[in-house]
There are 2 protein chains.
Amino acid sequence: MANDANPPAAAEGTGRGRGRRPADEVRADVLRTVGDLLLAEGIGDLTFERVARAAGVSKTTLYKWWPSRGALCLDGYFHAVENTLAFPDTGDIRVDLLAQLRAFAQVMTRTPGGRVLAELIGASQTDQDLATAYRRLYSSQRRRLAGERLLRAQELGQIRPGTDVQILVDQLWGAVYHRLLIPDEPVTDEFVVGLVGNLLDGVGPG
Amino acid sequence: MANDANPPAAAEGTGRGRGRRPADEVRADVLRTVGDLLLAEGIGDLTFERVARAAGVSKTTLYKWWPSRGALCLDGYFHAVENTLAFPDTGDIRVDLLAQLRAFAQVMTRTPGGRVLAELIGASQTDQDLATAYRRLYSSQRRRLAGERLLRAQELGQIRPGTDVQILVDQLWGAVYHRLLIPDEPVTDEFVVGLVGNLLDGVGPG
């Protein structure tokens with residue numbers, strides 16, 4: 001799959017047309033390779049060496065674009081889950097949040113994706129460069145996409161005016177991360193349904 | 001302060017009546033010492049050696065009760081914040097949640113406590129023993145205490161029947177942890193007020 005973008009003539013040996021493909025294409029190829037590896041195996045054996053070999057690029061090229069293994073992983077992971085974790089817009093925020101959060105919970109609990117993010121978040125607590133990369137390449141992008149969908153719902157009157165939608169990001173996806181990072185309680189479908197219902201309907205006496 | 005529990009006669013030199021004080025008293029003394037160190041300085045320089053010296057106990061005694069530095073820190077931290085983070089019960093859940101979450105946010109952002117927990121949560125992503133200690137000595141205890149307060153509110157009809165109050169724990173305190181661990185957005189008073197309001201009042205069109 002990582003080779004789909006290569007013209008067949010260039011796909012021989014390890015050279016694979018190195019230096020001939022446009023940079024954007026090489027970059028996309030690397031990100032796809034990294035994403036595939038992460039979702040199949042997790043972060044354990046992912047090295048610059050292995051990615052360079054699998055994507056047919058030099059390690060120098062990789063280091064030029066991604067200064068650390070963490071940055072490479074985050075960029076690859078973001079692109080790997082971009083479609084699966086897209087924010088649908090059927091016009092009904094309750095339906096769309098449930099669908100997206102279910103897909104999110106699925107990736108986090110049924111693929112190595114959850115472990116990948118948990119380990120990167122974990123390491124970023126004592127690695128400032130990784131923390132910066134995490135926010136820049138992953139979390140702030142995901143936050144922006146979630147915020148855009150929530151704001152459209154707010155414009156349609158499906159979320160109360162004056163609500164700071166960024167707080168909802170913490171109360172929905174942040175709540176899932178909480179159970180992943182500190183697993184006192186499991187991430188179940190009841191949990192996901194509860195997250196959405198508690199916020200849209202409120203838990204006060206009403 | 002760590003010496004308050006010692007009888008004056010035993011408080012000389014480094015011996016300080018070692019082996020004479022009842023185990024409960026020694027244990028409380030150690031936890032107080034650890035808690036004081038953590039809230040004053042964070043986790044960086046906290047070693048078994050230093051705690052043993054400061055609390056006047058042997059390292060062997062410490063290792064007997066706490067198998068790792070992480071376990072010692074978690075137990076000490078739990079006791080250090082137990083009073084500050086107690087769940088008040090004035091009979092009004094909105095008032096009490098706000099008060100407790102403000103105290104929690106204060107500890108997490110204005111003392112080394114936030115860093116201590118973030119680093120322990122971070123390290124626990126790749127250290128299974130620490131993860132187990134974290135849940136046993138800290139998070140499951142805090143979850144239980146929060147759940148007890150929320151259940152009393154539910155019994156009084158201040159939280160809608162059928163609500164799984166453990167999900168609220170993730171949407172309140174878990175949301176704060178999310179901003180601490182992945183600091184795309186800050187933990188402000190507006191954030192804390194929003195957390196409580198969003199859940200009790202709901203953010204749907206109503």
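In what follows, chains carry the letters A, B, and so on, assigned in the order in which the sequence lines appear, proteins first and then strands, with residues in each chain numbered from 1. Since the model is a prediction, treat every value here as computed from it, not as a measurement.
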*If you take all heavy atoms of B/Leu181 and A/Gln125, which pair is closest and at what distance?*
O-NE2, 2.9 Å
_Quick test of your reading: applying salt bridge (Lys or Arg N to Asp or Glu O under 4.0 Å), list the pairs with at least one residue in residues 61-80 of chain A, sequence neighbours left out, ordered by first then second residue._
A/Arg27-A/Asp75
_Under 4.5 Å from any heavy atom of chain A, what part of B/Glu190 do you find: side chain, backbone, both or neither?_
backbone
*Heavy atoms, side chains only, cut-off 4.5 Å: are B/Arg179 and A/Val169 in contact?*
no
*asked:* Counting heavy-atom pairs closer than 4.5 Å to chain A, which one of B/Pro183, B/Ser124, B/Gly194, B/Ala131 comes out on top?
replied: B/Pro183
*asked:* Suppose a student defines contact as a heavy atom less than 4.5 Å from any heavy atom of chain A. Which residues in residues 156-165 of chain B would they list?
replied: B/Gly157, B/Gln158, B/Ile159, B/Arg160, B/Thr163
*Identify which part of B/Ala118 has an atom lying under 4.5 Å from any heavy atom of chain A, answering side chain, backbone, both or neither.*
both
*Is any residue of residues 134-141 of chain B within less than 4.5 Å of chain A by heavy atoms, and which ones?*
B/Tyr134, B/Arg135, B/Ser139, B/Ser140
_Residues of residues 79-115 of chain B contacting chain A, heavy-atom criterion under 4.5 Å, by residue number_ = B/Arg115
*Rounded to the nearest 0.5 Å, what separation is found between the CG atom of B/Leu200 and the CG atom of A/Asn198?*
10.5 Å
_Using 0.5 Å steps for rounding, measure from the CD atom of A/Gln171 to the CG atom of B/Asp170._
11.0 Å
*Do you know which of A/Ile121, A/Leu195, A/Thr126 has the most heavy-atom pairs under 4.5 Å to chain B?*
A/Leu195
*Region of A/Phe191 that comes under 4.5 Å of a non-hydrogen atom in chain B*: both
